[in-house]
Every structure is written in structure tokens, then in C-alpha cells.
Number of protein chains: 2
Amino acid sequence: MSSINLKRLSEELGLSISSVSKALRDSYEISAETKKRVMEMAEKLNYQPNPFASSLRRKKSLTVAVVIPEIANNYFVLAINGIQTVAQQKGYHVLTYLTHENAKDQESTIKHLQGGRVDGVLISLCSDTSTGEQLSELQNAGFPVVFFDRVPDAPGCPTVTTDDFDGGFKATEQLITSGCKKIAYLRVSGYLSTTVNRMNGYLAALQKYGIPQDPKMIVECSNDDDANQELIKKILKMRGRPDGILSSVEKLAVSMYYACTEINLKIPKDLKVISFSCLRTASLLSPSLSTITPPAFEIGKEAASLLFRMIEKKVYGNRVDKIVLNSSLIQRNSSR
Amino acid sequence: MSSINLKRLSEELGLSISSVSKALRDSYEISAETKKRVMEMAEKLNYQPNPFASSLRRKKSLTVAVVIPEIANNYFVLAINGIQTVAQQKGYHVLTYLTHENAKDQESTIKHLQGGRVDGVLISLCSDTSTGEQLSELQNAGFPVVFFDRVPDAPGCPTVTTDDFDGGFKATEQLITSGCKKIAYLRVSGYLSTTVNRMNGYLAALQKYGIPQDPKMIVECSNDDDANQELIKKILKMRGRPDGILSSVEKLAVSMYYACTEINLKIPKDLKVISFSCLRTASLLSPSLSTITPPAFEIGKEAASLLFRMIEKKVYGNRVDKIVLNSSLIQRNSSR
DNA sequence: AAAATGACAGAAAACGTTTTCGTAAAAAAG
DNA sequence: CTTTTTTACGAAAACGTTTTCTGTCATTTT
């Protein structure tokens, strides 16, 4: 908007455009006193360089994209917070895109990003991602991409995740040692690593303690909160209903709390509950909710840091980083 | 990244660069069949226009900035959600900046934005904003700026807010009709409209019901959660402690819940509570939290829509929109 | 004293688009 | 059969930077 540019500045100073540009970029070709003059005039006229001209010429946008399925999810909010923290500190701009758990949206977003609008992409896949075709296209073009949380199961992808298998395992184990004999697992549809790994942890724990696994105890949920609540109510009203529930994502735990209120099941007396979640108010819920909490803020920071290392070519050769951070299990009243 | 550009495309097609450009923009100067050829080739080679070249030439970035104090706040998350929804649908990109409730950060962010990186700005001020100097600079330059939630108290600013006075009034009234005789108000520091209006509503309600206003009942909180919790504990342990509390923001309500747990005060028996909040889990808290809930998602949508009207020059003349949406008061157990 | 170096600055090309302008050929109007 | 208009396209300028390439002195080295 500010229509003062290098040309205007150079006229004001009686210098050439190139000299002014060099002065502002602190080039050795310009004398100290000229630099000072230029800086002062730039300050005085409130010169702001045109980012597009600069990006066009330098083929650098100083911008990264964050692509996430939804934002109404504390996990992603915290992750974004971590990403922003690192990015702003590095002088980068952050573009955010929501895919609304929609593979089509995700695809078109990625496609747009190929135009060079950003120097790198941080992405958490939507649950119905099938092939990572678009993405591998990006990656093959040498474009820096870091996956976090919901990552593809391919060897060539740099990822930042949490120990999902372990989390699922320990959560299940905790329910078992609290006396549960029949544990249901609330999963989200799709075949993403996160979902699969958490469930495998759950299954492994069942096996370790000799609890037979029962397909009816695995509830596949969707993105429709009301539908999920009905599904959960259904399994809780079933003959041979579960006495323990492991929820693989936060919002399913919330739906479950509502379901229990409706059908008058008492947690933890009738049903013990634990959930993957970053809810700040977990300990204030009624009853307080036991959680496996991924370090979302740190995941965001790590992912962003890794991306910047890649952008700045500080990751050499064919090295592919796969960073795994630990979740913490916090037992509260819902599973005692 | 994709290094295929108009030049490459034009060579491939045996056309001039300008013709290809025109064809892609569906200009009337190009015949239908040539357009078809060009489109197909662009599709085939996966041509993605360089956004910087385009923005440089057209002086349009198709990007807006969202500047907010923090993201770990459901209000802002919902607002962003609304903004993104409108923006993505309009084909705009969204840059997000966090000021961390820091006036310095806010200033430098705004300054950077003057370079023309964005076509418009949506901003919610940080609590220690003093003068809106930087901002009025932007606005005076004819740059589209829309304020939401935390807005300056100046006539020339387009704003989207909620009826804060009314919310504060009704919340206080609700506490009074539930039997409270001594009501404290948790406010955040600073002199932003939101804070001031909510408090004025509170004071007006006190006056209406003949309750004397007491400066000790107004707790000025900071951004430090622990410090706030201590402040709240202090007033709750005081002789002549309040029997009702109105919290002006969500996080203070959370701190208060923790404070009450620590000093063993029972809500709502010993203390009735109501808070401005967008917490999704308000009804699941122990006890469920009465809230005045601003329509954050709609506020985001309205703000974005207004901004786009301004960008597209659909707001004529000196018209300044001041949109006010209604909050809803939901009484739950914490204030019964 | 001639040649080489260094310090400083300007001219101009380049980045990839968009858009104005110009101009052929074809179609329509006279 | 002209003349005008329309259609379809190309040449080139423009957007505001960055950077390479020159060039001019003045200073230092041979």
C-alpha cells in the first residue's frame, strides 16, 4: 500500500536504485556512510519493501503453509501455537489451510501450494486420505514437506509424531489394572498411522492380559458428532456392554460423556474411561478425565524446526527424520 | 517449485506468452478453440501460475491477515474458523499472526503488513494496546482493516463485536436473582472496549438492584495464569468474600475453578459463578459452568465478510460498519 | 611509472505475470 | 470493390525487487 519504493527512495537520496537496494541489504559494495544515509531515509519515509517483488526475484517467500484437517481441536491449536512460535521467531509467515477432513479440499490445497507460494509445508493429513499422490508429487519436486501427527506410512516422509502404539497400550493397561474386563475402543474411520498405531497398542494390551479381542468392541466413528453419540449410546446399551472405554480422540470422549449423561451411566462406577486428549479442562470435567496427552505444542515446534532445517538445506543427503515425542498418561477420576 | 511457466507453455503451444496468459484468464481476445488448447496443455503440464509475479503485477495478493493476541483461547479459535471458512470460499489465503498480548509484537506485525503482503487485515487488539497509532496509519492509507472482539473505541473503525454491556448486565442480573449479594468481577488489565463494556454492564446491574459497588470486588488480572489464580484465591479467602463471581474471560473462570478446588469452596453452594466463555465443555465441567457465549464463529464470518466487502470496494463513501452480534446466556449449575 | 587491486556506485537484466497497444487478416458494411 | 469493423493474436512495457556486470576513481603493488 505504501507507495514508496526503491525508485522513490533513490530519487530522494540522489542514488541509483541498485545502490539503495544494496545499502538496505548491507552489501559490502556500499560505504558505511551511504548505508547510514539510506537507512535513515528509509526509516523516515517508512519504506516497506514489496514482498512480491522480492519473492519473485529471490525465489523465496519466507512463508510456510500449515495444512490441518480442522482447527476446533485442541491438539491442532497447540501445534499451530508451536509452529507459529518458531516461525515468527525465524521471521517466517504462516499460511493456514483447513481441509475439513476432506480429501478433495486437501488435494486442491496442495495443488495450489505448488505454485511456489510457500517455501515449505507442514501437514497433518485428513482421515480419508487415500493415496498421497499429490503429496509425493510435491516431495519429488524436492519441496520441503514435514508431516505431523497424522502421517503417511511411507519411508520417505519426514514426520513428527507421538508414540501412539505405546499410548494405546498403556491406556488400555491402565483400564485393565483398574478392573475393566471388557474394553471398547473408539476409533475414527480411515487408515492413518495414528489411528492404526493407537489401536494396535490397544490390541496388544488386550492380548498381554489375555482378554479376547472382540470386533463389536471396536466402534468406528465419523465426523458427525451426533451420529457418533448415537453409536456410542448403542454400544453402551448393548447386552454385554463394555465396562471400559478407550477413546482415540478428544471429541469422541466428549460425545461419550454426553452419551453417558443421557443414558444415565455413571463414570467411573459403571464405566471407566480414558482418552487421547489435549483438553485443558480435562481435570475440571465431571468426573475428571484420564488422558493420554501428546505434547502438541512441542510437536508443532519440532515439526517447524525440522521444516526450517530442510528449507535451509541443513538436512543433508537422503536423510529422513522421523521424530517421535512421548505422550504422558495422566490418570484422573474417570478411570479409577 | 514447478518450473513450468507461461514461457514454457507458450513454446509448447507455439503461441505468444501474452496469448497464453489471456487464454488462461478467459479473455475475449482469444478464440474458443485456442483457449481449449491452452487449458488442456496447462492441465497436462500441471501449470501453476507464480503467485508473486501475479501479485506484483496486479497489486492484489488474494491474501488477508488475521492478527490475534493468542490462539489458546476458544473464542479466537472459533473466530479463525469462521474467517477461514469465508476466506477459503472466496479463494483467499489467510496469514495468521500472534501478538502474544504484546503491544510491541503487534506494532511490528502491523508495520510489516504495510508492505502490501495482504489485501486486508482482521485484527483483535492485544490488551495492552495503548494508542492505535500504527493502525490508524494503515487505515489512513486506505487499507482495509476490520476489528473484531477487542476493538478500539474510535468512530472511524469498522468493527464486529458482541453486545458486551448487555452480556455483563444480564450475567450479573442472573447472579443477583440467584441470590448473590456480593459479586466480584474478574477483569483483564487494559482499557479495551470489551473489558470496559462488560464491566459497565456489571456495574449497571449492581446499581439497578441497589447493590453498592465495591472496588475490592474488582480483580484486575494479568496474563500469568498462576498469578491470577493466587489473586482469585486471595479475594475468596478474604473476610467479606464474594458470594458470586462474574468472569470476563474464559481462562479466568478456569483459574477460578482451580482456586476453588484448592481452598475447598463449593460451587454453587458457597459461590455462584458465571463467565464469558466459548468452552465447548462448559456443560461437562464440575459443576457445569454458566456462560455468556459470544457467537465467535459468526463473528469471524461477519468480520471476514465485511473485510471482503471493503476490499472489493462494495462499501461506498465514508460508511463505517459497526456490527454487533448477540451473545447467549446459558445458565448451568455453577450459578443456580 | 606502469600495472594491479580495492572501494564504491550505476546500468541493465532478470524474476513471471498482466495489460496496453499495435496490427494483420477476415468479416461486415458501404 | 473499397472502407470500416471485428476477430485473433503478438510485441513490449510494467510491476518492484535483486544481482550481475561494468566502470570510475583512488590506492597499493610491482
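Labels below follow one simple rule: chain letters A, B, ... track the order of the sequence lines, proteins then strands, and each chain is numbered from 1.
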Using a cut-off of 4.0 Å on non-hydrogen atoms, how would the nucleic acid contact of [X] be classed: base, sugar-phosphate, or nothing?
X: B:Ser21; answer: base
X: A:Pro51; answer: nothing
X: A:Lys59; answer: sugar-phosphate
X: A:Ile30; answer: sugar-phosphate

Answer yes or no: does a side-chain N or O of [X] lie under 4.0 Å from OP1 or OP2 of [N]?
X: B:Tyr28; N: D:dC9; result: no
X: A:Ser16; N: C:dA11; result: no
X: A:Arg57; N: D:dT19; result: no
X: A:Arg58; N: C:dC15; result: no
X: A:Ser18; N: C:dA11; result: no
X: A:Thr34; N: C:dC8; result: no
X: A:Tyr47; N: D:dT17; result: yes

**OP:** For the side chain of A:Ala53, starting at C-beta, report the closest nucleotide among D:dT19, C:dT18, D:dG16.
**Re:**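 Taking heavy atoms from C-beta onward, the closest nucleotide is D:dG16.
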**OP:** Give the nucleotide from the list C:dT19, C:dT17, C:dA11 with an atom nearest to the side chain of B:Asn5.
**Re:**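 Nearest to the side-chain atoms of B:Asn5, counting from C-beta on, is C:dT17.
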Original post:
Any salt bridge between B:Lys36 and B:Glu40, counting N to O under 4.0 Å?
Top reply: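 Result for this pair is yes, salt bridge flagged.
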Original post:
Is the shortest side-chain N to carboxylate O distance from B:Arg8 to B:Glu12 below 4.0 Å?
Top reply: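 Yes, charged N to carboxylate O under 4.0 Å.
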Just how far, in rounded Å, is [atom2] of [N] from [atom1] of [X]?
X: A:Ile4; N: D:dG16; atom1: CD1; atom2: P; result: 12 Å
X: A:Lys7; N: C:dA11; atom1: NZ; atom2: P; result: 13 Å
X: A:Lys22; N: D:dC21; atom1: NZ; atom2: P; result: 12 Å
X: A:Arg8; N: D:dG16; atom1: CZ; atom2: P; result: 13 Å
X: A:Phe52; N: D:dA14; atom1: CZ; atom2: P; result: 22 Å
X: B:Leu13; N: D:dG10; atom1: CG; atom2: P; result: 10 Å
X: B:Glu33; N: D:dT7; atom1: CD; atom2: P; result: 15 Å
X: B:Leu56; N: D:dC15; atom1: CG; atom2: C1'; result: 4 Å

Subject >> Any donor-acceptor pair under 3.5 Å from A:Glu101 side chain to A:Ser127 backbone >> reply: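 Such a contact is found between A:Glu101 side chain and A:Ser127 backbone.
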Original post:
Within the side chain of B:Ser55, is there an N or O that forms a donor-acceptor pair under 3.5 Å with the backbone of B:Lys60?
Top reply: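 Yes; at least one donor-acceptor contact below 3.5 Å.
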Original post:
Can you find a donor-acceptor N/O pair under 3.5 angstrom joining the side chain of A:Ser31 to the base of C:dA7?
Top reply: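 Under the 3.5 Å cut-off, the side chain and the base do not form any donor-acceptor pair.
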Original post:
Is any N or O donor-acceptor pair between the side chain of A:Glu29 and the base of C:dA9 shorter than 3.5 Å?
Top reply: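 Answer is yes: a donor-acceptor pair is held.
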**OP:** Using the closest heavy atom to pick a nucleotide of DNA chain C for each, name whichever of A:Val20 or B:Pro49 lands nearer the 5' end.
**Re:**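 On the 5' side of the pair lies A:Val20.
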**OP:** Anything under 30° is parallel, anything over 60° is perpendicular, the rest tilted; go ahead and classify A:Phe308 against A:Tyr92.
**Re:**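 Geometry flag for A:Tyr92 against A:Phe308: tilted rings.
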**OP:** Rounded to the nearest 0.5 Å, what's the gap from CG on A:Leu125 to CG on A:Leu192? Could you check?
**Re:**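 A:Leu125 atom CG to A:Leu192 atom CG measures 6.0 Å (nearest 0.5 Å).
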